Amino acid sequence: MSTTSLVSLQPDSLYVATQTILSHDGSFIQANFWHWSFFITDARGHTVQHHWTVRRGDQRGVTTECYQYRDIREVSCVTALSQYVVFAKIGVWSHPGAQMLKRALDALYKNYEGPTDRLRRHPDGLRTCRTWVMDALLMFVERRWLVPRADSVPAEHWLHAAVHDAIVRASYAVTAALLKDGPKGFRSAMLEIPTSSA
């Protein structure tokens, strides 16, 4: 794991990112919670952030969660304004094209428009930004957009053991340093999670 204060992402790559979450009153960083999202780059290096996030209340005051994306012109500017804890480059990524990718991600939890309270349950289990990212990674493997490990380990096990656990460990380490040392000199962790078993 390396750390950097200036984030730059490679073209044609898939990154899972975690970001600090403030307490409800904004007075402190929650040590064990992060917002999870994707930063996906195309061959020209154009970056789009994809995530499962809160949709603010509508006319009736109902707040729900949904898939959203945003174009990122300058990755280093965006990451300097928010504390992105980890950027993990995942395996070998084959970009399917912007529209196909957005349609697939939009359909992932399409029928879920649940409330945003922490106790919400869905027939298939709890829906969070983290579970959305992990479900999307599995979908990418199934569609052959992401190459998993080349050995006999099932994709779901690889995603949990190699990807999820490595990101959580790095997020804990960076957040602990941030809580100890404060925001001055904050550095994001850069990971690369390969597809080989070596």
Side-chain angles (χ1 to χ4, degrees), residues 1-21 29-43 45-53 69-70 72 74-95 101 105 128-151 153-181 183 185-198:
M1 173 177 77
S2 64
T3 61
T4 182
S5 56
L6 183 63
V7 173
S8 63
L9 306 179
Q10 296 175 10
D12 260 337
S13 298
L14 165 68
Y15 292 82
V16 173
T18 57
Q19 179 182 6
T20 57
I21 297 177
I29 293 171
Q30 298 187 61
N32 300 328
F33 296 97
W34 306 278
H35 179 61
W36 292 57
S37 65
F38 292 115
F39 280 70
I40 297 177
T41 62
D42 65 14
H46 176 253
T47 305
V48 179
Q49 181 186 25
H50 302 266
H51 59 152
W52 181 254
T53 189
Y69 64 89
R70 67 177 178 152
I72 307 291
E74 291 291 333
V75 172
S76 58
C77 293
V78 170
T79 57
L81 298 174
S82 302
Q83 290 169 327
Y84 283 89
V85 178
V86 169
F87 282 88
K89 184 179 178 199
I90 311 295
V92 177
W93 173 247
S94 178
H95 201 298
L101 177 64
L105 290 171
T128 67
C129 56
R130 181 184 56 80
T131 60
W132 182 85
V133 163
M134 297 309 294
D135 286 347
L137 286 172
L138 184 58
M139 177 185 69
F140 295 161
V141 170
E142 290 168 350
R143 292 179 182 223
R144 301 182 191 273
W145 298 343
L146 177 65
V147 177
R149 273 176 53 159
D151 58 18
V153 174
E156 291 178 43
H157 295 172
W158 172 73
L159 287 171
H160 186 78
V163 177
H164 177 272
D165 292 355
I167 292 169
V168 168
R169 281 192 304 274
S171 296
Y172 273 117
V174 173
T175 305
L178 175 62
L179 293 171
K180 179 178 176 254
D181 303 331
F186 174 76
R187 298 171 68 82
S188 298
M190 301 297 288
L191 303 177
E192 186 156 349
I193 300 173
T195 56
S196 69
S197 56

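These numbers were taken from a predicted model, which means no experiment stands behind them. Along the sequence shown, residues carry numbers from 1. Hydrogens, waters and symmetry mates play no part in the numbers below; they use all other heavy atoms, side chains included.
W93 and H95 have perpendicular rings, their planes meeting at more than 60° on a 0 to 90° scale where under 30° would count as parallel. A tilted orientation is assigned to the rings of Y69 and H50, their planes being inclined by 30° to 60°. By the 30° and 60° cut-offs, the orientation of the rings of F140 relative to W145 is tilted.
Heavy atoms only, all atoms of each residue included: D42 and H46 are closest at OD1-N, 2.9 Å. Between L159 and M134 the shortest heavy-atom distance is O-CE, 3.3 Å. Across every non-hydrogen atom of K89 and S13, the tightest pair is CE-OG, 3.3 Å. When all heavy atoms of A162 and I193 are compared, the pair lying nearest together is O-CD1, 3.7 Å. Nearest heavy atom pair, residue A43 against residue P11, reads O-CB, 3.6 Å. Counting all heavy atoms, side chain and backbone alike, A170 lies closest to V85 at O-CG1, 4.4 Å.
The side-chain hydrogen bond (donor to acceptor under 3.5 Å, both in side chains) test applied to W34 returns T175, not counting sequence neighbours.
Side-chain atoms of S171 do not come within 3.5 Å of backbone N or O of R169 as any donor-acceptor pair. With hydrogens and angles ignored, the 3.5 Å screen pairs a side-chain donor or acceptor of Y15 with a backbone N or O of Q10.
Atom SG of residue C129 and atom NE2 of residue H35 lie 5.0 Å apart, to the nearest 0.5 angstrom. Taken to the nearest 0.5 Å, the CZ atom of F87 stands 8.5 Å off from the OG1 atom of T18. If you take CD on Q49 and CD on Q19, they are separated by 7.0 Å, rounding to the nearest 0.5 Å. Interatomic distance, L14 CG to T41 OG1, rounded to the nearest 0.5 Å: 8.5 Å. Taken from CH2 in W132 to CG in L137, the straight-line distance is 9.0 Å, to the nearest 0.5 Å. Atom NE2 of H164 and atom OG1 of T131 lie 9.5 Å apart (nearest 0.5 Å).
Side-chain contact between V16 and W36: present, with at least one pair of heavy atoms (C-beta onward) separated by less than 4.5 Å.
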